[in-house]
Amino acid sequence: LGAFTYDPGFTSTCSTQSAITFIDGDEGILLYRGYPVAQLAEHCNFIEVAYLILNGELPNKTEFADFDASIRKHTMINESLKNLFSGFNYDAHPMAMLTGVVGSLSAFYHDTTNNKDPRHREIFAHRMIAKIPTIAAAAYKRYFGQPFMYPQNNLDYCSNLLHMMFAVPAEPYVVNPVAAKALDILFILHADHEQNASTSTVRMAGSTGTNPYAAIASGIAALWGPSHGGANEAVLKMLEEIGDVKKVQGFMDKVKDKNSGVRLMGFGHRVYKNFDPRATIIREQCHKVLKALNVSDPQLELAMKLEEIALSDDYFKQRKLYPNVDFYSGIIYKALGIPVNMFTPMFAVARTVGWVAHWIEMISDPGMRIARPRQVYTGAATRDVSAMAKR
Ligand code: CMC
């Protein structure tokens with residue numbers, strides 16, 4: 001290996017310095033810019049937290065008003081994007097649409113392509129954060145064949161998203177404040193998580209100097225996988241498949257059988273080896289939201305049973321596997337009326353703040369270099385090409 005270290009999956013490689021998010025996986029600590037995530041979820045709204053993650057400090061009243069107004073101002077997407085959406089099959093996964101449409105934003109906004117200009121970077125950040133809910137909601141509408149709903153900028157960020165998803169032109173629609181608040185808290189908890197796979201992807205793509213919208217699209221693609229953001233969808237599919245509390249033990253036996261290839265989705269984390277602080281808050285929220293919305297969901301009972309059995313099982317104890325952020329989030333999304341294939345796009349909307357902040361941190365670092373890992377070559381030694389007739 002010479003001067004190189006082989007580290008598959010980057011279990012012990014720090015790819016960058018960052019001042020945005022701190023995680024202590026053994027203690028279950030998650031801080032954005034030094035603030036515990038639980039305090040932020042209790043005292044702030046998502047847009048305040050977005051400002052904090054981007055700028056390093058919580059906003060005062062004027063700063064918040066300016067930032068909030070700028071995000072509201074940029075919520076519309078170019079009308080021609082309707083053509084792009086209608087090019088997708090009606091049954092295209094919303095994450096496929098999100099990846100494609102966000103990538104296509106790089107074909108607009110030629111006024112702000114100088115990555116070295118802080119004002120250009122700021123306008124990109126505001127546009128991206130403002131437009132991602134509009135794009136996610138349009139993907140939902142395309143999937144269901146309903147007309148797109150334009151953003152209503154008198155609504156706050158999460159209410160606007162719910163409105164764009166669930167309103168139809170023919171009928172009045174009033175956003176339920178309980179649903180908007182629940183979404184806001186989920187978004188705060190998902191806003192950033194240091195060098196996870198999708199954020200590292202955004203940084204890696206961005207390190208080439210590519211268009212930042214294209215870099216964010218690469219992050220969305222990475223998030224989709226079931227080991228990462230796609231886990232929230234996979235959890236609900238798993239609960240559907242188990243179907244009944246009586247079948248939980250049988251499913252757990254399958255999970256522990258290494259030959260089955262079955263994992264307990266929503267469990268385990270590369271960094272958290274004690275508990276995921278986000279999961280603790282989401283579990284509490286899950287009970288609160290279902291109660292406030294008067295929803296009773298047998299899948300919550302099923303999830304609790306799975307958690308109870310897993311936490312007392314040696315297989316999970318020995319491997320330090322605990323529920324992660326995605327174990328209960330799907331049950332909340334479901335209670336809000338959000339269909340399963342929209343769970344990961346919801347995650348993407350929230351995580352856009354983190355991706356954008358990391359892109360800015362990276363691109364403004366004077367010491368930034370293109371990300372270029374090496375490999376351990378395992379292929380053939382040098383050999384000579386023979387004529388096709390002799391092969
Ligand atoms: N169910 C059953 N066994 C598991 C699980 C699980 N969910 N997670 C890990 N293991 C076992 C794994 O088989 C291995 O066992 P052994 O040492 O006997 O080979 C051991 O635990 C270590 O697992 P690993 O795959 O080496 O751990 P990792 O750090 O590479 O993977 C993970 C982390 C999150 C991908 C993994 O725990 C997993 O696949 N979990 C399920 C998917 C999931 O919930 N993902 C969401 C993560 S949090 C949100 C996000 O990142 O977006």
Side-chain angles (χ1 to χ4, degrees), residues 6-13 21 23 25-26 28-30 37 95 98 186-203 218-239 241-242 248-283 303 306-333 340 343-355 358:
Y6 176 45
D7 180 18
F10 310 117
T11 54
S12 58
T13 297
T21 288
I23 301 176
D26 295 323
I29 293 171
L30 170 60
V37 72
M95 281 301 279
L98 210 60
L186 279 180
F187 280 9
I188 291 173
L189 299 176
H190 282 92
D192 191 45
H193 213 227
E194 52 121 300
Q195 306 311 319
N196 56 83
S198 57
T199 304
S200 299
T201 304
V202 170
R203 279 186 175 260
S218 70
I220 296 173
L223 185 77
W224 191 0
S227 297
H228 191 7
N232 53 16
E233 181 174 336
V235 168
L236 254 274
K237 286 187 173 154
M238 173 185 78
L239 294 175
E241 201 183 301
I242 300 171
V248 165
Q249 193 56 59
F251 178 78
M252 289 305 245
D253 292 343
K254 230 195 290 175
V255 168
K256 290 190 282 177
D257 171 6
K258 284 288 179 183
N259 297 320
S260 73
V262 176
R263 284 195 169 197
L264 179 55
M265 299 312 285
F267 252 73
H269 197 275
R270 170 63 62 77
V271 185
Y272 295 120
K273 298 298 176 195
N274 185 342
F275 66 96
D276 179 339
R278 303 168 299 174
T280 314
I281 303 168
I282 287 184
R283 192 198 296 106
L306 270 172
E307 184 186 8
E308 185 195 313
I309 294 183
L311 291 180
S312 58
D313 192 299
D314 279 347
Y315 175 96
F316 292 89
K317 280 190 200 163
Q318 280 157 9
R319 291 170 179 79
K320 299 186 184 291
L321 302 170
Y322 295 89
N324 60 48
V325 68
D326 288 324
F327 194 65
Y328 284 103
S329 64
I331 296 176
I332 303 185
Y333 287 137
V340 176
F343 291 0
T344 315
M346 292 288 123
F347 190 158
V349 171
R351 184 55 59 84
T352 292
V353 166
W355 291 330
H358 281 273

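Every number for a ligand or one of its atoms is a count from 1 in the order of the listing. Hydrogens, waters and symmetry mates play no part in the numbers below; they use all other heavy atoms, side chains included. These numbers were taken from a predicted model, which means no experiment stands behind them.
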With the criterion set at N/O pairs under 3.5 Å, what does the list of contacts between the protein and ligand 1 look like, atom names and distances included?
from     : atom 1 : to     : atom 2 : distance (Å)
ligand 1 : 1 (N)  : Leu264 : N      : 3.0
ligand 1 : 3 (N)  : Tyr315 : OH     : 2.8
ligand 1 : 7 (N)  : Leu264 : O      : 2.7
ligand 1 : 7 (N)  : Phe267 : O      : 2.9
ligand 1 : 13 (O) : Lys258 : NZ     : 2.5
ligand 1 : 13 (O) : Arg263 : NH2    : 3.3
ligand 1 : 15 (O) : Lys258 : NZ     : 2.8
ligand 1 : 15 (O) : Arg319 : NE     : 3.2
ligand 1 : 18 (O) : Lys258 : NZ     : 3.1
ligand 1 : 18 (O) : Arg319 : NE     : 3.0
ligand 1 : 18 (O) : Arg319 : NH2    : 3.0
ligand 1 : 25 (O) : Arg263 : NH1    : 3.0
ligand 1 : 25 (O) : Arg263 : NH2    : 3.0
ligand 1 : 29 (O) : Arg270 : NE     : 2.8
ligand 1 : 30 (O) : Arg270 : NH2    : 3.0
ligand 1 : 39 (O) : Arg263 : NH1    : 2.8
ligand 1 : 40 (N) : Phe267 : O      : 2.9
ligand 1 : 44 (O) : Gly266 : N      : 2.8
ligand 1 : 44 (O) : Asn324 : ND2    : 2.9
ligand 1 : 45 (N) : Ser227 : O      : 3.0
ligand 1 : 51 (O) : His228 : ND1    : 3.1
ligand 1 : 52 (O) : His228 : O      : 3.3
ligand 1 : 52 (O) : His228 : ND1    : 2.6
ligand 1 : 52 (O) : Gly229 : N      : 3.4

side-chain hydrogen bond (donor to acceptor under 3.5 Å, both in side chains): pairs with one or both residues in residues 260-272, sequence neighbours excluded: His193-Tyr272
Sequence-distant partners of His358, ring-ring contact (aromatic ring centres under 6.0 Å, His included), two or more places apart: none
Taking every non-hydrogen atom, the tightest pair across Arg351 and Arg278: NH2-NH1, 4.0 Å
With Tyr322 via ring-ring contact (aromatic ring centres under 6.0 Å, His included) - residues at least two apart: none
Parallel, tilted or perpendicular, as decided by the 30° and 60° cut-offs, for the rings of Phe267 and Phe316: perpendicular
Considering all heavy atoms, the nearest Ala350-His190 contact: CB-CB, 3.7 Å
